[in-house]
Amino acid sequence: MIKTVLFDMNETLLNLTVLEKNFAKYFEEKYVLKYWFAKLLHSSTVIGGMDEYTDFGKLSEAALESVFIESGKELTKEIKLDILGSFRKLPAYGDVPDALKLLKDNGIKIISVTNSSYDMVKEQLVNAGLISLFDSYYSVESVQKYKPFKDIYHHVLNEEKIRADETVMVATHDWDLFGAKKVGLVTAYIKRKEDQYNPYYLKPDLSNTDLVALAKEIIKMNG
């Protein structure tokens, strides 16, 4: 019986197109955004592996500084604000509101679980017009350890007093689902871009390219 669905935020529910456009102002190469995001996730994983913690916003800045240095470009305060400020104003994908409402109408609790700070996730949910659809939201600030390390998944389960086998983690990132799967959560992959699901990670229980269809699959699990 699925009682709760946990959602990743960036790329899973929120569309990075705005961020992509802002990167395009300063770079001609279309892969710069992906490169920056990969550097950001790499540093958060390394820091977590060393049992250290640094705010995700600061790691975002450091990754951006690195990308500009490597490209031989000057990064001013104005440019940094222009790019990273858009992270707070990302719109939701078109299928998100209907999928969330469908889950709620079927008595399923909805919770956000993110690497971003509490201030950031609240602002993102408000700006995307989604906050009223969520029962609660959690940041890795609570445990000072980023996803996909197990700490945040355990924390949410304990705080919400829910069972792993009655909880689904929805994400577009295979590494996030790998971490959730290792904790015993049911996992659901929403494919937001053309990419390979890492064949060496534990496979998701559900997979779809449309969040409404994925929500229906989750509901079906309850018979």
Side-chain angles (χ1 to χ4, degrees), residues 1-17 89-116 118 120-140 142-143 147-148 150-193 195 197 201-223:
M1 182 76 176
I2 300 301
K3 297 180 179 179
T4 309
V5 176
L6 311 181
F7 283 97
D8 172 55
M9 289 289 294
N10 300 313
E11 280 195 301
T12 298
L13 298 183
L14 303 180
N15 194 329
L16 299 188
T17 301
K89 303 171 185 176
L90 300 175
Y93 284 101
D95 56 3
V96 171
D98 287 345
L100 298 183
K101 289 172 186 174
L102 184 59
L103 291 171
K104 287 189 76 69
D105 288 347
N106 281 271
I108 294 175
K109 184 183 288 188
I110 298 172
I111 298 172
S112 169
V113 183
T114 179
N115 277 339
S116 298
Y118 274 109
M120 171 75 86
V121 65
K122 182 178 181 180
E123 192 169 349
Q124 285 183 319
L125 288 171
V126 169
N127 289 336
L130 300 176
I131 196 160
S132 64
L133 296 172
F134 278 81
D135 293 284
S136 56
Y137 51 88
Y138 288 85
S139 163
V140 294
S142 300
V143 295
K147 296 187 290 179
K150 299 177 181 180
D151 307 56
I152 186 61
Y153 309 109
H154 281 308
H155 178 71
V156 175
L157 292 174
N158 291 334
E159 287 294 308
E160 294 291 327
K161 295 178 173 56
I162 52 180
R163 286 172 38 181
D165 62 353
E166 296 178 338
T167 306
V168 177
M169 179 74 206
V170 177
T172 193
H173 304 122
D174 50 9
W175 48 266
D176 194 348
L177 297 181
F178 191 12
K181 192 78 170 173
K182 292 289 285 185
V183 173
L185 297 173
V186 179
T187 54
Y189 177 56
I190 176 69
K191 189 174 184 178
R192 291 300 193 190
K193 56 186 182 297
D195 198 2
Y197 193 99
Y201 294 172
L202 294 176
K203 288 180 170 54
D205 298 289
L206 302 172
S207 180
N208 212 300
T209 57
D210 180 81
L211 197 61
V212 174
L214 191 59
K216 289 178 179 177
E217 288 187 59
I218 291 170
I219 293 165
K220 272 186 185 178
M221 296 180 75
N222 290 340

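All values below were derived from every heavy atom in this structure, side-chain atoms included, with hydrogens, water molecules and symmetry-related copies excluded.
Nearest heavy atoms, Ile152 versus Ser139: CD1-O, 3.6 Å. The minimum heavy-atom distance between Lys182 and Leu202, with the atom names listed, is CD-CD1, 3.7 Å. Residue Ala164 comes nearest to Val183 through the heavy atom pair CB-O, 3.9 Å, listed as atom of the first residue, atom of the second, then distance.
Without hydrogens or angle criteria, Asn15 side chain to Pro91 main chain gives no donor-acceptor distance under 3.5 Å. Arg192 places a side-chain N or O within donor-acceptor distance of the main-chain N or O of Thr12, the cut-off being under 3.5 Å. Judged by distance alone, with hydrogens and angles left aside, the side-chain atoms of Asp95 form a donor-acceptor pair with the main-chain N or O of Leu211 at under 3.5 Å.
Residues forming a salt bridge (charged side-chain N to carboxylate O under 4.0 Å, His left out) with Asp135 (at least two apart in sequence, or on another chain): Lys104.
Using a 4.5 Å heavy-atom cutoff, the side chains of Met9 and Val121 are in contact. Here the side chains of Leu157 and Leu185 are in contact, with some heavy-atom distance below 4.5 Å. Contact check for Ser207 versus Tyr197: no side-chain heavy atoms found under the 4.5 Å cut-off. Residues Thr4 and Glu166 fail the side-chain proximity criterion, which asks for heavy atoms closer than 4.5 Å. Side-chain contact between Glu123 and Lys89: absent, with no pair of heavy atoms (C-beta onward) separated by less than 4.5 Å.
Under the side-chain hydrogen bond (donor to acceptor under 3.5 Å, both in side chains) criterion, the residue pairs touching residues 152-163 are Lys109-Glu160, Ser136-Glu160, Tyr138-Glu160, Tyr153-Asp176, Arg163-Asp165, with sequence neighbours excluded.
Rounding to the nearest 0.5 Å gives a distance of 5.5 Å between CD1 of Ile162 and CG of Leu6. Atoms NZ and OG1, on Lys191 and Thr209 in that order, are 8.5 Å from each other to the nearest 0.5 Å. In this structure, the separation between CG on Leu100 and CZ on Phe134 is 5.0 Å, given to the nearest 0.5 Å. Between atom OH of residue Tyr93 and atom CG of residue Leu16 there is a gap of 6.0 Å, rounded to the nearest 0.5 Å. Remark: Phe7 CZ to Leu130 CG distance equals 10.0 Å, nearest 0.5 Å. Here the CG atom belonging to Asp8 is positioned 8.0 Å from the OG1 atom belonging to Thr172, to the nearest 0.5 angstrom.
Between Phe178 and Tyr201, the ring planes are parallel. Angles under 30° get that label, and only those over 60° would be called perpendicular.
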>> Could you go through Gln124 and Asn10, starting from their C-alpha distance and side-chain angles, then the distance that decides it, and tell me whether this counts as side-chain contact (heavy atoms from CB on, under 4.5 Å)?
In response: CA-CA 9 Å; Gln124 285 183 319; Asn10 300 313; 2.9 Å; yes
>> Could you go through Met169 and Lys181, starting from their C-alpha distance and side-chain angles, then the distance that decides it, and tell me whether this counts as side-chain contact (heavy atoms from CB on, under 4.5 Å)?
In response: CA-CA 8 Å; Met169 179 74 206; Lys181 192 78 170 173; over 6 Å; no
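Each of Leu177, Val186, Val168, Ile190 was scored for a side-chain contact (heavy atoms from CB on, under 4.5 Å) with Pro204, with one residue passing: Leu177.
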Hey, can you pull the donor-acceptor pairs under 3.5 Å for the side chains in residues 215-223, sequence neighbours left out?
unit_1, atom_1, unit_2, atom_2, d
Glu217, OE2, Asn208, ND2, 2.7
Asn222, OD1, Ile2, N, 2.5
Asn222, ND2, Ile2, O, 3.1

